[in-house]
Enquirer: 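One structure, as structure tokens, below. Some questions next.
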Amino acid sequence: MTDSPDTSGFEVAVQVRESEIERTEGALLGVGAVSLTLTDAGNHPLLEPAPGATPLWPETVVTGFFTPDAELESVLAGLRALAVTPSATRAVGAADWVRAWMDDFQPMAFGERLWIVPTHCEIPSDADIALRLDPGLAFGTGTHPTTALCLEFLDGMDLEGRRVLDFGCGSGVLAVAAALLGAPDVVAIDIDPQAEIATRENAARNGVADRVHIEDLATVGPHNFSVIVANILAGALVELAPVIGRLADPGARVALSGILVEQVPIIRSAYAGEFTDFEVHSQGDWALVTAVARDF
């Protein structure tokens with residue numbers, strides 16, 4: 001009798017036009033993909049890209065890798081809700097899975113000080129602050145623009161003595177980064193139990209478990225935070241505007257991400273009552289909106 005193949009997850013492939021790549025990447029990450037690859041969907045010649053540019057094809061296959069804890073039917077249902085139609089799915093063997101994410105996930109710098117370094121890599125010599133993180137069960141490794149923009153925001157701030165809230169913590173990458181960057185007290189909130197597990201594990205791996213605390217929204221008092229980061233989605237951010245306004249100290253800095261550039265006006269409108277000094281930072285199709293809580 002032949003043993004069944006050893007699988008450690010599955011992959012979902014989506015064929016898209018070049019203009020749809022970033023939205024598709026965001027959708028796959030949003031439903032739990034822990035690594036992405038882009039490949040040519042046809043036989044298109046690709047000229048040498050400019051330094052720092054990402055090579056793209058007119059028709060591209062965006063492939064997301066999922067761990068065995070993910071459920072294929074749930075992933076497909078989530079993609080349908082986001083108007084994304086997969087072109088193929090397949091089980092991924094353990095050796096293929098490990099090789100795929102190790103090749104795809106390398107040390108990355110965010111801002112002037114912060115690096116995210118997977119555990120299979122050496123810490124770069126010029127990394128002032130290294131956050132050890134591997135792809136896991138919860139969203140957020142820094143590879144997507146929404147997370148990258150939040151990490152750069154945190155890197156650019158003096159967090160000494162400031163209480164930070166990571167609203168929708170996912171893997172805990174933002175909470176852990178804030179602690180490593182000097183915040184003495186970081187609260188992480190998420191409705192997904194897997195996110196709580198991942199945040200605790202990543203905080204412990206990086207030696208900041210004593211400064212990163214998982215809390216329930218119902219137990220958090222008003223005007224408790226001088227820095228708030230929320231990397232969720234535009235619709236949820238609009239609904240949460242009164243809640244985030246209540247949690248912010250007067251003069252607190254808030255960073256809102258998970259937003260497409262065209263969604264920035266609705267975010268500004270939702271937060272204008274309790275926040276001011278809006279700024280927008282973008283990376284591709286994605287935007288980060290920062291603001292300052294009014295002092296009433």
Side-chain angles (χ1 to χ4, degrees), residues 110-111 114 139-140 142 144-191 195 199 211-283 286-296:
F110 299 92
L114 180 66
F139 173 67
H144 193 262
T146 60
T147 309
L149 288 164
C150 289
L151 290 168
E152 290 170 2
F153 165 80
L154 291 171
D155 179 82
M157 294 200 66
D158 179 3
L159 296 178
E160 296 289 342
R162 308 191 74 167
R163 193 165 193 239
V164 178
L165 173 63
D166 179 3
F167 202 124
C169 56
S171 68
V173 58
L174 301 181
V176 173
L180 291 173
L181 288 163
D185 185 15
V186 183
V187 171
I189 293 175
D190 204 296
I191 60 174
T199 297
R211 285 185 278 157
V212 175
H213 312 287
I214 306 292
E215 293 193 21
D216 187 272
L217 177 59
T219 67
V220 179
H223 308 303
N224 250 303
F225 302 96
S226 57
V227 178
I228 298 175
V229 286
N231 182 19
I232 317 177
L233 291 171
L237 287 172
V238 169
E239 292 181 8
L240 289 168
V243 176
I244 291 176
R246 176 179 63 84
L247 297 174
D249 282 337
R253 292 288 305 278
V254 62
L256 310 169
S257 193
I259 305 164
L260 292 168
V261 171
E262 60 262 30
Q263 296 171 327
V264 168
I266 66 171
I267 297 299
R268 291 188 59 152
S269 176
Y271 284 78
E274 298 189 39
F275 292 87
T276 186
D277 298 338
F278 288 89
E279 295 182 6
V280 178
H281 307 268
S282 62
Q283 191 177 123
W286 298 94
L288 173 82
V289 175
T290 65
V292 178
R294 297 182 186 274
D295 187 356
F296 290 101

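All values derive from a computational prediction rather than experimental measurement. Note that these values count all heavy atoms, side chains included, but never hydrogens, waters or copies made by symmetry.
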Enquirer: For residues 170-181, pull every pair meeting salt bridge (Lys or Arg N to Asp or Glu O under 4.0 Å), keeping only residues two or more places apart or in separate chains.
Expert: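 Matches after skipping sequence neighbours: none remain.
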Enquirer: Got a sec, which residues hit side-chain contact (heavy atoms from CB on, under 4.5 Å) with A248, two or more places apart in sequence or on another chain?
Expert: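 A248: side-chain contact (heavy atoms from CB on, under 4.5 Å) contacts with I228, A252, F275, A293.
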Enquirer: Can you tell if the side chain of H281 reaches within under 4.5 Å of the side chain of T290, non-hydrogen atoms only?
Expert: yes
Enquirer: Could I get the full list of side-chain contact (heavy atoms from CB on, under 4.5 Å) partners for D158, not counting sequence neighbours?
Expert: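 So D158 forms a side-chain contact (heavy atoms from CB on, under 4.5 Å) with E160.
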Enquirer: Does some side-chain heavy atom of I232 sit less than 4.5 Å from a side-chain heavy atom of L237?
Expert: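 Side-chain contact under 4.5 Å: yes.
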Enquirer: Is there side-chain contact between R253 and V292, with at least one heavy-atom pair below 4.5 Å?
Expert: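 Yes, at least one pair of side-chain atoms sits under 4.5 Å.
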Enquirer: With a 4.5 Å cut-off on side-chain heavy atoms, are V164 and V187 touching?
Expert: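 Not touching, per the 4.5 Å side-chain cut-off.
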Enquirer: Scan for salt bridge (Lys or Arg N to Asp or Glu O under 4.0 Å) pairs involving residues 243-252, sequence neighbours excluded, and state none if there are none.
Expert: none
Enquirer: Is there a donor-acceptor pair closer than 3.5 Å between any side-chain N or O of Y271 and the backbone N or O of I244?
Expert: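 Looks like no, no N/O pair under 3.5 Å.
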Enquirer: Please set out all donor-acceptor pairs under 3.5 angstrom arising from side-chain atoms of residues 174-183, sequence neighbours excluded.
Expert:
none

Enquirer: Would you call T147 and F110 a side-chain contact if the rule is heavy atoms closer than 4.5 Å?
Expert: no
Enquirer: Can you find a pair of side-chain heavy atoms, one from L217 and one from L247, that are under 4.5 Å apart?
Expert: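 Yes; the side chains approach each other to less than 4.5 Å.
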Enquirer: What I'd like to find out is whether the side chain of I189 reaches to under 4.5 Å of the side chain of D216, using heavy atoms alone.
Expert: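 No, every pair of side-chain atoms sits at 4.5 Å or beyond.
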Enquirer: Does the side chain of V280 reach to within under 4.5 Å of the side chain of L288, using non-hydrogen atoms?
Expert: no
Enquirer: What pairs of residues pass the salt bridge (Lys or Arg N to Asp or Glu O under 4.0 Å) test when at least one of them lies in residues 163-174, not counting sequence neighbours?
Expert: R163-D185, R163-E215
Enquirer: Could you check F153 against V229 for side chain to side chain contact (heavy atoms under 4.5 Å, CB included), going step by step and ending with a plain yes or no?
Expert: CA-CA 9 Å; F153 165 80; V229 286; 3.7 Å; yes
